[in-house]
Amino acid sequence: MHPIVARLLARLIHAHIDQEKIISHDAGFDEADKIRKSEIENITEEHNRLVEKERATIRQLQADLDESRRRENTWEIRDHRKISDIKYDDAIYGPDTFPVTAERDAKMRTEVALAVKQDKISPPTEDQWKMILSNHPATCVVAGAGSGKSTTLVLRVVFMICHLRIRPREMTVVSFTKDSCAELRKKILNALSIDVWKSQMHPDDAMRLEEVSHDLVRTFHSALSRLARRQFPGVKWFDFLDDKGSNLDEGDDFDNPIAGAANLSERQMEMLLDAYRTTFAEDSKFREHIVHLIKIECDRDLLSEEPEKDRRGEILKIASARDLELVTRTNEKWEDEGWIMPGIDPTPFVAFKADGHPFYANGRVESTGMPIFLSINGHINERPLFSKSDTVGEGTEKFAIFGALRVRRDIIAKFFGGNKLDIRTTKSIDRLACRVKYIATTDFAYQEAPRFEIQLSGEIGKSDVVEALYSQASFIENLSLEVPDALAGLDPFKQHSIEYHFTSALARFWPRFEELLRNQPTPVMTFNRAFLLLGESHSHRPLNVSSEALRPFTHLLVDEFQDISPQIVSWLRATQKRVSIAGGTPTIMAIGDDWQSIYGWRGSAPELFIRFNSHFPSSAILKGAYVCQMMENYRSVAPVISDAEKLLKKVTVKIDKRAKAKRPTEASDHGVRMVTGIDFSGNSNAVIAEIHEQLSFVNSLPTSDKNKVIVLSRSRKVLGTIQDKAGETPGVAFHTFHGSKGLQGEVAILCDNCDYDMNHVFRNAVYKASGQFSQTYDEAAKDEALRLAYVAITRGVRRVIWFLDRPMGAATLLVP
């Protein structure tokens, strides 16, 4: 026992004995001793209190002792671990793969061998089999020119449907043009019609084979339309508004639209002009920048000579001379239709001037001066206004009246800057009467804004200011950027520069234009806006898309992948992410060739294909996408391929590879033969003679392509001149370098140079601000000029002849 505890116990025992003695003695006391007894009781009470206190002290000491002993035999454990964030896989594809078993592999090869034996398809090479049988959810196929990628793509579709048991309704095959889609559909239909594969399809799909094949293949914009119409019911596409205001249905097949006035309908141009006029009338800052642009262009014209302007001036002079007669005769045709009414002055008057040449309106609203144009399209209620034999003008200036009306319509579209009443039907007359009688003058006011041509630094030629605003905004959106945000993020331009005033005007114009589209009786939307809304844009809340609408985008097979833009990359990524979130397993197969990327002027870039892994990430478990190459060229002979590849040595951003010629070279075949000193604007007889000479050569061959000779030029003007001189010649096809993609001819004849030596200040700034490219816009365009020439040369099967004034750009790389 602890010594302190022992001493305390002893004291308690003695105290207890003393207490007993006191009590015993107290029993014999008398009454007189009661007082002393009371004192003794008080002492006893105090004593008891002290005893209890001592006992409490003992209990506390014992507790302290027990605690001390407990601590001596206890471990103290402290947890120093930290709670860490759990890692996650942000990849879109994998880790699951397609169930490509050895049995399925062998079965597909056996079936293909049978189809080859029946002469229904060509036998795939081992490189092509790698694409056909890929088990990876993200496959990147580098397919060179003439590598047979279309046939291989068809067999991949067959394998997915018949052996991997994927329903066509869960797939979308994307091709770049309407024509390539039609060709691909036909090939898929033919393949799936083969008994051995048709029997393995789902019965519902086999019964609807033609419909299934059609729905399976889409252009990018057709595929977007399929999805967007479910998200934005009733929307009309601005990109496909025609002159009657009609549009495309969901099932319609259509090409990807290209921004630019040359491709805009009259209705589209009028909507752009409406936004332009409104902005000019209501926004003083916009007016200020437009005036500066006019001054810059006027000063530039005074300092330079433009040969083209003389020709344009001659056309405008002739058209102006006959314009009053056209307007007067049109008014006569409308006399009995009731358009002349109180408040309308039916007297023709000069509504505008084009390069100083006057052009007339048919009449005007008296209260506002609003010009009235009758039958700009040459019809009343779809009925031709004149007969085909009618003419206008006299003597040598006599011209077919419908041709004159078309020229007049184009001139109005290009040069007239005011709003107008465009009367084409008798129904429009009733609306005109109502507006003149009941609508306030302020709601029916005439607005005019200046129309002039502008040329940004780096552009090949001039374009209408409204066209320039539209095309440059479209370029920005093709980079998956919002126009106002992108413009605000550009490096500053000098205040006196054309780029500064153009950028400032565009920043104020574009929101007005989009507002006008939204406020139409039936809302109108551009495809660019739909791509942005359905893509990964951070300026919009993600849209909820139904699982049913997403179903066709579960498995994507994309042809010509090198020509897609950042905008389309964003949409594809967002769509397949949504598929994954909805519980699906997205897959993608990208087929392309960076050597054939030729649409940078509208936002495309080969870097998107070259860096496929970074844009379409696969699970870390799969270690990136599966990449396979198909570089066997079945189209061109070796000398053609060799010369074409010489151009690519100067391309800075590319995949290093080399094509293998599979077509045997005959003694009469050759690569590029260059002919210099050709003046295409004056004498191109040498080209015409060469066309006929090469046509004779091809006709002497035992077999030949349907295009015996394919004539190509980068310039539509040069191409048109040669085509006019050559006339209609069976077996001879005429295309631009861009338009020849996917085509071939036994002999390719190239006309004019293919080079780029510009400084596009505006687009360089946009490229930099986007942060998406390793090159400036000019550097990318210089590479693209070389690739464009490569595409043109590889259209030739046996021979290539290149006519030019003197070698420039790509052509210099072929000079001995």
Side-chain angles (χ1 to χ4, degrees), residues 145-146 149-150 175-184 219 255-258 260 262-263 460 559-560 562-563 593 595-602 604 633 635-636 640 643-644 647 672-675 678 680-681 684 686-688 690-695 697-698 704-756 784-804 809-811:
K149 62 178 180 176
S150 295
S175 194
F176 214 75
T177 67
K178 180 178 177 179
D179 289 342
S180 63
C181 283
E183 182 182 353
L184 205 49
T219 61
D255 274 326
N256 305 317
I258 300 175
N263 303 289
I460 295 174
D559 194 12
E560 303 289 359
Q562 77 280 347
D563 288 325
D593 180 12
W595 289 0
Q596 298 186 72
S597 179
I598 57 173
Y599 293 102
W601 45 274
R602 65 184 188 193
S604 301
N633 188 314
R635 176 189 298 148
S636 303
V640 171
D643 282 346
L647 308 181
V672 178
R673 173 164 59 86
M674 201 173 294
V675 182
I678 304 300
F680 295 102
S681 61
S684 55
V687 180
I688 305 302
E690 190 70 49
I691 291 174
H692 291 293
E693 182 179 335
Q694 296 302 325
L695 188 59
F697 160 70
V698 177
S704 66
D705 190 84
K706 65 178 181 179
N707 290 330
K708 300 177 186 296
V709 177
I710 185 168
V711 182
L712 308 174
S713 176
R714 190 180 185 186
S715 164
R716 290 185 181 277
K717 179 184 174 185
V718 169
L719 187 68
T721 299
I722 295 170
Q723 189 170 5
D724 288 343
K725 285 190 175 183
E728 291 291 330
T729 308
V732 180
F734 296 85
H735 297 277
T736 62
F737 284 3
H738 284 93
S740 69
K741 194 88 168 282
L743 303 176
Q744 65 183 48
E746 295 293 341
V747 177
I749 296 178
L750 281 56
C751 301
D752 209 1
N753 274 296
C754 192
D755 65 333
Y756 181 90
E784 181 166 298
L786 298 174
R787 294 194 300 266
L788 183 59
Y790 167 84
V791 168
I793 290 173
T794 54
R795 300 312 95 191
V797 173
R798 296 173 177 271
R799 298 175 173 182
V800 177
I801 298 95
W802 195 346
F803 287 93
L804 31 73

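Because the structure is predicted, anything quoted here is derived from the model rather than measured.
Partner of I722 under the side chain to side chain contact (heavy atoms under 4.5 Å, CB included) criterion, out of I749, D752, I688: I688 alone. The residue from L712, I793, D643 that alone fulfils the side chain to side chain contact (heavy atoms under 4.5 Å, CB included) condition with V800 is I793. Checked options V687, I691, V747; the residue passing with I801 is V747 (criterion: side chain to side chain contact (heavy atoms under 4.5 Å, CB included)).
Side chain of R714 to main chain of D755: a donor-acceptor pair is present (N/O by atom type, distance under 3.5 Å, no hydrogens or angles). Checked by atom type and distance alone, the side chain of S597 pairs as donor or acceptor with a backbone atom of Q562 at under 3.5 Å. Side chain of R635 to backbone of T794: a donor-acceptor contact under 3.5 angstrom is found. A side-chain donor-acceptor contact under 3.5 Å links N633 to the backbone of S636. Formation of a donor-acceptor pair under 3.5 Å by the R795 side chain with backbone atoms of L743 is found in this model. In this structure a side-chain-to-backbone donor-acceptor pair under 3.5 Å is missing from E746 to S704.
Aromatic ring orientation, H738 versus Y599: tilted (interplanar angle from 30° to 60°).
Taking every heavy atom of both residues into account, I598 and D563 meet most closely at N-OD1, 3.3 Å. In this structure, K741 and Q596 approach most closely via the heavy-atom pair NZ-O, 3.2 Å. Shown here for L804 and F680, the closest heavy-atom pair between the two residues is CA-CE1, 3.9 Å. The minimum heavy-atom distance linking V640 with G796 is given by the pair CG1-O, 3.7 Å. Between V711 and C751, the shortest heavy-atom contact is CG1-SG, 4.3 Å. The shortest non-hydrogen separation linking A748 to A792 is CB-O, 4.4 Å.
Separating the OH atom in Y756 from the CG atom in L788 is a distance of 13.5 Å, to the nearest 0.5 Å. One finds the CZ atom of R799 at 8.5 Å from the CD atom of E690 (value rounded to the nearest 0.5 Å). The CG atom of L184 sits 14.5 Å away from atom CZ of F176, with the distance rounded to the nearest 0.5 Å. Separating the CZ atom in F734 from the OG1 atom in T729 is a distance of 6.0 Å, to the nearest 0.5 Å. Rounding to the nearest 0.5 Å gives a distance of 8.0 Å between CD of E784 and OG of S604. How far OG of S150 is from CD of E183: 5.5 Å, rounded to the nearest 0.5 Å.
Side chains of R716 and T736 form a contact here, defined as non-hydrogen atoms less than 4.5 Å apart. You'll find the side chain of I710 stays beyond 4.5 Å of the side chain of D705, heavy atoms only.
With salt bridges taken as basic N to acidic carboxylate O contacts below 4.0 Å, none links K149 and D593.
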